[in-house]
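Heads up, the thing below is written out as structure tokens.
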Amino acid sequence: MDVFSNAAQPSGMKKLVAAAILSPEMHPDRVGERITAIREALNMTKAAFADSIALDRSTLTKVEAGTKGLDIAMGAKIADLYGIGLDFIYRGILSDAPLEIRAALAENMRTARTAKAAAKLDPKEH
């Protein structure tokens with residue numbers, strides 16, 4: 001039996017393998033933060049952003065929440081439409097984002113991480 005086939009690896013094993021080989025910056029939580037930061041830096045609603053990249057709105061909500069990964073085709077679409085490099089989307093390298101929105105991206109990500117940290121400290125308040 002092929003060790004790479006779907007039958008050979010239960011779902012939990014696939015997640016462990018993916019976690020072992022992917023950089024923490026590529027985790028859906030981190031990518032989702034950056035997608036939200038991009039959308040907000042562009043002053044777009046979720047609906048407008050999702051429509052612009054031909055992505056279902058509920059899927060965008062899941063991506064931004066970090067519960068669903070952003071596939072490379074959607075990442076490439078964002079890169080092509082908005083000039084934001086894949087290194088920023090998937091690795092968090094701010095220099096791969098357009099200069100005119102870098103400050104807004106950094107601030108949006110800082111705000112999101114602060115809110116997430118506060119929610120972990122006191123989940124009742126958030």
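- Closest approach of Lys77 and Ile53 over heavy atoms only: CD-O, 3.1 Å.
- Here the CD-CD distance, from Glu40 to Glu64, works out to 7.5 Å after rounding to the nearest 0.5 Å.
- Side-chain contact check for Phe88 versus Leu105: some heavy-atom pair is nearer than 4.5 Å.
- Annotation for Lys62: atom NZ does not count as buried by contact number, only 12 or fewer foreign heavy atoms lying within 6.0 Å.
- Note: the hydrophobic cluster containing Leu60 also contains Ile72 (ILVMFWY, side chain heavy atoms under 4.5 Å, direct or indirect links).
- Judged as a side-chain hydrogen bond (donor to acceptor under 3.5 Å, both in side chains), and not counting sequence neighbours, the contacts of Lys116 are Glu33.
- Residues Ala79 and Leu86 share a closest heavy-atom pair of CB-CD2, 4.2 Å.
- Arg57 places no side-chain N or O within 3.5 Å of a backbone atom of Ala50 that could act as its donor or acceptor partner.
- Salt-bridge annotation for Glu25 and Arg30: present, with a side-chain N of the basic residue lying under 4.0 Å from a carboxylate O of the acidic one.
- Distance check, rounded to the nearest 0.5 Å: CD1 of Ile84 to CG of Leu42 gives 5.0 Å.
- In terms of modelled atom types and a separation under 3.5 Å, the side chain of Asp87 and the main chain of Asp96 share no donor-acceptor contact.
- Nearest heavy-atom pair, Tyr90 versus Met26, reported as atom, atom and distance to 0.1 Å: O-CG, 3.2 Å.
- To the nearest 0.5 Å, the span separating CD1 on Ile89 from CD1 on Ile38 amounts to 4.5 Å.
- Considering CZ of Arg34 and CZ of Arg39, their distance stands at 15.5 Å, rounded to 0.5 Å.
- Interatomic distance, Phe49 CZ to Ile78 CD1, rounded to the nearest 0.5 Å: 4.0 Å.
- Between Pro28 and Leu70 there is no side-chain heavy-atom pair separated by less than 4.5 Å.
- Side-chain atoms of Arg102 come within 3.5 Å of backbone atoms of Ala97 as a donor-acceptor pair (strictly under, hydrogens ignored).
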